[in-house]
Structure formats: structure tokens, C-alpha cells
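Below is one structure, written out as C-alpha cells, with a few remarks after it.
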Amino acid sequence: QVQLVESGGGLVQAGGSLRLSCASSGRTFSANAMGWFRQAPGKEREFVAAVNWSGTSTYYADSVKGRFTISRDNAKNTVYLQMNSLKPEDTAVYYCAARFSGYGSRSKNEYDYWGQGTQVTVSS
């Protein structure tokens, strides 16, 4: 069983930055692709970013490309999401997810484990 714990959410003004972290308890973390998703009130959970097992391939939603950066530290079993130039429309609960495969995916249905989420609120 893999447990994922997100941290780093909070309230920030538009244009500000936050860095989310997701710590994994899984012994196979270095073999798992990792993703970040978000869900705003009344909306579907949507893809934000993903990274492959080694950190050499990354994927982003068009809405965050150029502003967000996903990275991972396999020695620390942790994946990060650096969020810059935040906008009010980035407000959501952000979820970390892991999949058995080492290759990143944009589909939430292809992830096997999920964290509890961390709230990000961007004020205008």
C-alpha cells in the first residue's frame, strides 16, 4: 500500500508562488510515475502535471504550461509542484497521484494511489 501526503497549500495573492510537496511511503517510488491533479468546486478533477519515474520527462496542462514546474527527488520519495504567476482560476484542491507504470499520464483513471489533497486559494 502506498500513502501519499501533500503539503504546501495555502492562500496567496494573484501573481504569487507556492510550492507543493507530496511525500510517498511507497518502497517503489522511484519506479512510479507521479502526477498532480486539481479539482475546483463543482468541477471535474483535472490534470495539471506529470513526471516519469526518472524525472526526465514531464507533461503539463496547457493552462499551467510555463507557470508550473513538476519535479521529483527519488532519494526523498517526494514529488514537487512549483507554481508561479498564480491566477484566481488556479484555486482548487490539489491532489498528488502515483501509478504503477513508470510513464506519466494525463488521465486520472490511470493512477493507482491518491493523496488527500491540499487547498490552494489564489485571491485577486
Treat each ILVMFWY residue as a node, draw an edge where side-chain heavy atoms are under 4.5 Å apart, and state whether [X] and [Y] are in one component.
X: Tyr103; Y: Val2; answer: no
X: Val51; Y: Phe37; answer: no
X: Trp36; Y: Val120; answer: yes
X: Leu86; Y: Val64; answer: yes
X: Tyr113; Y: Leu81; answer: yes

What closest approach, in Å, do [X] and [Y] show between heavy atoms, and which atom pair accounts for it?
X: Ser24; Y: Phe29; result: CB-CD1, 3.4 Å
X: Arg72; Y: Ser54; result: CD-C, 4.3 Å
X: Gly104; Y: Ala50; result: CA-CB, 4.3 Å
X: Ser85; Y: Ser17; result: N-OG, 4.4 Å
X: Gly117; Y: Val93; result: CA-CG1, 3.8 Å

Spacing of [X] atom [atom1] and [Y] atom [atom2] [to the nearest 0.5 Å]:
X: Asn32; Y: Arg27; atom1: CG; atom2: CZ; result: 12.5 Å
X: Lys87; Y: Ser124; atom1: NZ; atom2: OG; result: 14.0 Å
X: Leu4; Y: Tyr95; atom1: CG; atom2: OH; result: 13.0 Å
X: Met34; Y: Ser71; atom1: CE; atom2: OG; result: 11.5 Å
X: Gln119; Y: Leu11; atom1: CD; atom2: CG; result: 9.5 Å
X: Asn77; Y: Thr28; atom1: CG; atom2: OG1; result: 9.0 Å

Would you confirm whether [X], through its side chain, and [Y], through its main-chain N or O, come within 3.5 Å as a donor-acceptor pair?
X: Asn74; Y: Trp53; result: yes
X: Glu6; Y: Gln116; result: yes
X: Thr91; Y: Val122; result: yes
X: Arg45; Y: Ala40; result: no

| request: Could you tell me whether Arg67 sits above the aromatic face of Tyr60, with NZ or CZ closer than 6.0 angstrom to the six-membered ring centre and within 45 degrees of the axis? | output: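 No, Arg67 does not lie over the aromatic ring of Tyr60.
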| Does NZ or CZ of Arg106 come closer than 6.0 Å to the centre of the six-membered ring of Tyr59, within 45° of the ring's axis? |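 No cation-pi geometry.
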| message | Does either side chain, that of Arg99 or that of Tyr111, offer a donor lying less than 3.5 Å from an acceptor on the other one? | response |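 Arg99 vs Tyr111: no donor-acceptor pair found between side chains.
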| field | Side-chain ion pair, Lys65 and Asp62, N-O less than 4.0 Å | value |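 Counted as a salt bridge, because a side-chain N and a carboxylate O are separated by less than 4.0 Å.
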| request: Tell me, yes or no, whether the heavy-atom count around Gln3 atom CD, taken from other residues, nucleotides or ligands under 6.0 Å, exceeds 12. | output: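 Counting neighbours around CD of Gln3, 12 or fewer heavy atoms of other residues, nucleotides or ligands fall under 6.0 Å, so no.
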| Should the pair Phe68 and Tyr94 be assigned to parallel (<30°), tilted (30 to 60°) or perpendicular (>60°) ring geometry? |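 Ring orientation, 0 to 90° scale: tilted.
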